[in-house]
Structures are given as C-alpha cells and as structure tokens.
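Everything below concerns the one structure shown next.
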Amino acid sequence: MYSIVSTAIIQGIHAIPICVEADVSNGMPTFEMVGFLASEVKEARERVRTALRNSGFLLPPKRITVNFTPADIRKSGSGFDLPIAVAVLCAMGSLAEAPLDKFFITGEVGLNGKVQPVRGVLPMIADAKERGIRHCIVPKKNKKEAELVTDMQVYGVESIRDVICILSGELWQEREETYNIEEIAEAVRMPDFSDIHGQQLVKRACEVAVSGRHNLLMVGSPGAGKTMMAMRIPSILPPLLDEEQMELSKIYSVSGLFSEREQLMKVRPFRAPHHTITAQGLSGGGVVPKPGEISLAHKGVLFLDELPEFQNQTLEILRQPMEEKCVRLVRTHGSYEYPAEFMLVAAMNPCKCGYYPNMQKCRCSQASIERYINRVSRPLLDRIDICVEAPQIAFRDLNALGVEETSAQIRERVIAAQQIQEKRYQGEKFSYNSQIPAERIREYCGLDKKQEQYMGDIYEKLELTARSYHKILKVARTLADMEQSAKITMRHLNEAVCYRSLDKKFWERP
C-alpha cells in the first residue's frame, strides 16, 4: 500500500514543504529511505522502527520504501521521525482510512514512542496554513507555539499512540495544563534613563540614534556610564508592529529559543554577546544552520561592549549585514538567508588602560594606543552614524538633586519622530532615515547653496568618504524630524558633523 504525509523543513526562517511517501510491498524484507537525506534523517529509520515496536506495532517482513520529495532539496533535522512513522503505519494498513491530506505533521520520536519537540514549528505551521492545511499534529511542547497561527486546529501529542487516536477518529482527550500565556510576560521593570545623572550629550546621542535607527558608538574612560546608557536604550524603543512580532518570533522559533517565551515577541530584542563570541556565533551557521546574534537582534539592538576586544575577523562580519540588513550563508547543501535589520550600539575605551587622552592618568605608549584603537577598522567605523564621547561624570552631576528625564518622556519624542519618517516614506521599501539609499539622498536630504558650500568645506576638512558624508545628511534629517522641521537647517548640520568628528580625535592623531 501507498501513503503520503505533509511536513516541512526550515531554510533560513522560511519553511519548505516536504512530502514523506511510504510504500509497503512484497519483496525482500528491507527498510529503505531515499531523497537526499542528512545523517540525522537516515538515522530516523532505526528510531522509528524501535518506536513503533515499543508502541505495539511490528513492521511486516516486506519491502518498505520511504521517499522524501522534492528529491533535490537536502533533508535535515529530526522533525521527520513522526511523519515517517505515520506514513509507514498508513502504508501497512493500520491507518488505512486516515485523512492524511488534511494534516500537517512534524515531531521527533524517542525509542519509547514518545514525541519530542523540534525547532522552527512557527514558520512551518504558518506555511502549512498558506497551503490550505487547517489541521496540524505537533509535539506537546510545541503546541503553544503552533497556536500562534490563527485558524489552525492544533493537536499537541505526547506519543505515537496519541497520533493514531487522532487520525483514526477515536475518542482522544488531550491532557490539559493549567497555563495562562499572560503569566509568561511577567512585569519586569526596564532600566530607565532617569537613573543616570549627567551625560546629557550622550543621552541626546542615544535619542537621536533611536529616532532614526542610526548606529551608535560611545567612547570614554571606564566608569563613565557607557554600558548603563546602552542598557537603557530598549526602554525608549517603539513597540513592535504585528508583522514584526511574527517575523521576529519565527527567528527565535528557528533558533530553538521560543520556549523561553511561548508567545509572540512583544518587546524589541536587546542582544549583548560577550567579546569572546565566534564569527559563526555572531553571523549564524553551524552544521545545522541557525541564526546568529545579529539576526536575533533583528528589529532591535545589538550591543557590543568593549568593542576592540572582539576578534577582528568577527567584527568585520558586521560590515555587509549593516548595509544589506540581512545575512546570507552559502553552504555545500544550500544557501540560507536570515534578516538582520538591527541597530548597532557599541562602547569602547580610548586605550587599553582607558584614560587617554588624559596623559596624567594614561600609562599606555603611543604604539599601544594605536594598536588598541585600530582594532576597530576604518571601514567599520565608516558605517557608524554617530560617534560620541562619554567623559567622566563630575561630582556635582553625580549628586545632583534634580529629577532626570524618564525613558517614557524620551520615548514619546522618539515615536513622534519615527511617525514623521513613516509618513514621509510611505510606499517606499524603507521606513527610517538611516535606510535612505544613496540615490535618494538629494530628494530627502536636500540642502540650499549655503549649506552645500558648508558641507563641501567639511568634506575636505574631515576627509570624509561618500558613505560618511551621506550619514551626516541622514543624521541631520533625523535631527530636523525631532524638531518637526520640514527642512534641514544649519544647526542640524552642525550637530550631525559633531557626531562624525570624534574619529579625528582618536583615529587620526598626529
């Protein structure tokens, strides 16, 4: 007999439909599986054989052939175990009347017949819905994730026996758990900007960076508050849109991190990897490819503390994703694309000891300072829109009794500035000032003759590149939006230029 079961694999953050076909016929007793299979899928043969026996089903002494279509796509992952078991049972005649064409099935199977959770269930179920399937069988621990896709009948199973009951139409009662999805989102107070005294210039830079989604670098001596400032940036980020929540949740589902929340992502991510992270951990990849930190920071913030301490080859990986807003991995068995629209926030000391240019405290040699600062390459620095210095906090500021501005107040201004940008770029492929393509700069960041002459002088004086020049104009456009100004003024250009002048102080010393 012949049977076919619908399932899927993950490529990037998207699901690719796969059909598992099974045929049981007379011939030499054997169990063959074909269809461009990875080693973990080939091993499913023994897992399924033993799981079926321990569930009360003995495979007949016949020729069993299992095929995975389409055959030109490499099949990987452990989610094929349950589809294989169901296809074989149906081909054996144990589920002869099962309406398999109405079901999507995925799950890993243990030797005892228990069904184990798998990664990437959310994009799989979303794809199944688009293909017109309205019933899905998933591992019990993946049920909450699958239920995020509306208009789908989701069955969370714990064993092969549960699957048989569902497909054969027998009375099956799912074990209910006392569970409230809202309890997962516990009210955790975010660090607030009101906790920080002084550093008004750095606070201003953070607000400008978030308003236009600009990349930000803070340079200063130890204890100046750079990390504290970065940790409070999530508190001024605007809320995620519905489609952003789903896209971000798919990334975390594919990464195997969905169980940490068991609901759609409601808050923009803030990822702060340690400086010992590998290039693969930052960009993604692996034997079974999955997203890296820059994709986990999609629609949010990637914070790199102690920037020069990262491996040089790891930092250089950032350059292409910062421009293209995605990561493309090419492997022997296929290519994978992960979204990476993140805002880079970085912090660093000006030298190894951290006190340059205060030569009364700094004990580093000139060569040591240059080696340290040059770990951040100029091409990477060129892709950072705003560079700001964080000086040591004065005692009077540290003990000031005045009330500092709260994150909620700053967030209101950020949302207002971003609403102006969304309205301006309606119908475009970009939504924020930092994303304006080079060919549209004149259209959205137009200058008068006096301003063009001023920027021409700045271009020569600071020895800007075309990219850094455009970034100044984009930041100036954001500053204008923050003041609800239709045109860029000289004041906006001056402030934007100040944010690009810091590299002259540290990277181009005489």
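Here the structure is a predicted model, which is why all the values come from computation and not from measurement.
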Self-check item: Set of residues satisfying ring pair (Phe, Tyr, Trp, His ring centres under 6.0 Å) with respect to His135, sequence neighbours excluded
Solution: Phe103

Quiz item: Which of these passes salt bridge (Lys or Arg N to Asp or Glu O under 4.0 Å) with Asp385: Lys471, Arg477, Lys474, Arg213?
Solution: Lys471

Self-check item: Salt bridge Lys299-Glu341, side-chain N to carboxylate O under 4.0 Å
Solution: yes

Self-check item: Sidechain-backbone polar pair: Gln418 side chain, Val414 backbone, donor-acceptor under 3.5 Å
Solution: no

Self-check item: Listed partners of Glu108 passing side-chain contact (heavy atoms from CB on, under 4.5 Å), at least two apart
Solution: Ser78, Asp81, Gln116, Val118

Exercise. Give the C-alpha distance, both sets of side-chain angles, the deciding distance and a yes or no for side-chain hydrogen bond (donor to acceptor under 3.5 Å, both in side chains) between Tyr444 and Glu428.
Key: CA-CA 12 Å; Tyr444 291 114; Glu428 301 282 5; 2.7 Å; yes

Exercise. Provide the full list of ring-ring contact (aromatic ring centres under 6.0 Å, His included) pairs with a residue in residues 273-297, sequence neighbours left out, each pair given once.
Key: none

Quiz item: Under 3.5 Å, is there a donor-acceptor pair between the side chain of Ser3 and the main chain of Ala87?
Solution: yes

Self-check item: Salt bridge Arg424-Asp481, side-chain N to carboxylate O under 4.0 Å
Solution: yes

Quiz item: Are Leu344 and Met322 close enough, and set up right, to give a side chain to side chain contact (heavy atoms under 4.5 Å, CB included), and what steps lead you there?
Solution: CA-CA 8 Å; Leu344 176 66; Met322 287 170 70; 3.8 Å; yes

Quiz item: ring pair (Phe, Tyr, Trp, His ring centres under 6.0 Å) with Phe68: which residues, sequence neighbours excluded?
Solution: Phe80

Practice problem: For Lys102, look at atom NZ and say whether over 12 heavy atoms of other residues, nucleotides or ligands are found less than 6.0 Å away. | Solution: no

I'd like a table of donor-acceptor pairs (distance under 3.5 Å, sequence neighbours excluded) in which one partner is a side-chain atom from residues 230-245, with atom names and distances.
unit_1, atom_1, unit_2, atom_2, d
Arg232, NE, Asp192, O, 2.8
Arg232, NH1, Met228, O, 3.0
Arg232, NH2, Asp195, OD2, 3.4
Ser235, OG, Pro191, O, 3.4
Ser235, OG, Arg232, O, 2.5
Ser235, OG, Ser407, OG, 2.7
Glu244, OE1, Leu241, N, 2.9
Glu244, OE1, Arg268, NH2, 3.3
Gln245, OE1, Lys266, NZ, 3.4
Gln245, NE2, Leu240, O, 3.4

Quiz prompt | With Phe430 via ring pair (Phe, Tyr, Trp, His ring centres under 6.0 Å) - residues at least two apart | solution = Tyr425

Quiz prompt | Carboxylate-amine/guanidinium contact Lys203 Glu405, below 4.0 Å | solution = no

Quiz item: So, the side chain of Arg383 versus the backbone of Glu323: is there a donor-acceptor pair under 3.5 Å, distance only?
Solution: no

Quiz item: Where the side chain of Lys75 meets the backbone of Gly35, is there a donor-acceptor pair that is under 3.5 Å apart?
Solution: yes

Practice problem: Just do the side-chain hydrogen bond (donor to acceptor under 3.5 Å, both in side chains) check on Glu21 and Tyr2 with the steps written out, would you? | Solution: CA-CA 7 Å; Glu21 301 174 303; Tyr2 170 83; 2.6 Å; yes

Self-check item: Residues Lys62 and Thr30: side-chain donor-acceptor under 3.5 angstrom
Solution: no

Quiz item: Is there a side-chain contact between Leu89 and Leu52, using heavy atoms and a 4.5 Å cut-off?
Solution: yes

Quiz prompt | Polar contact flag, side-chain donor to acceptor under 3.5 angstrom, Gln320-Glu324 | solution = yes

Quiz item: Any salt bridge between Glu247 and Lys250, counting N to O under 4.0 Å?
Solution: no

Practice problem: Could you tell me whether Glu158 and Lys140 make a salt bridge, using a distance below 4.0 angstrom between a side-chain N and a carboxylate O? | Solution: no

Quiz item: Would you say Gln409's side chain and Thr406's backbone share a donor-acceptor pair under 3.5 angstrom?
Solution: yes

Quiz item: Counting only N and O atoms by type, is there a donor-acceptor contact under 3.5 Å from the side chain of Gln280 to the main-chain atoms of Gly292?
Solution: no

Quiz item: In terms of side-chain geometry, is the basic nitrogen of Glu207 or Arg204 positioned less than 4.0 Å from the acidic oxygen of its partner?
Solution: no

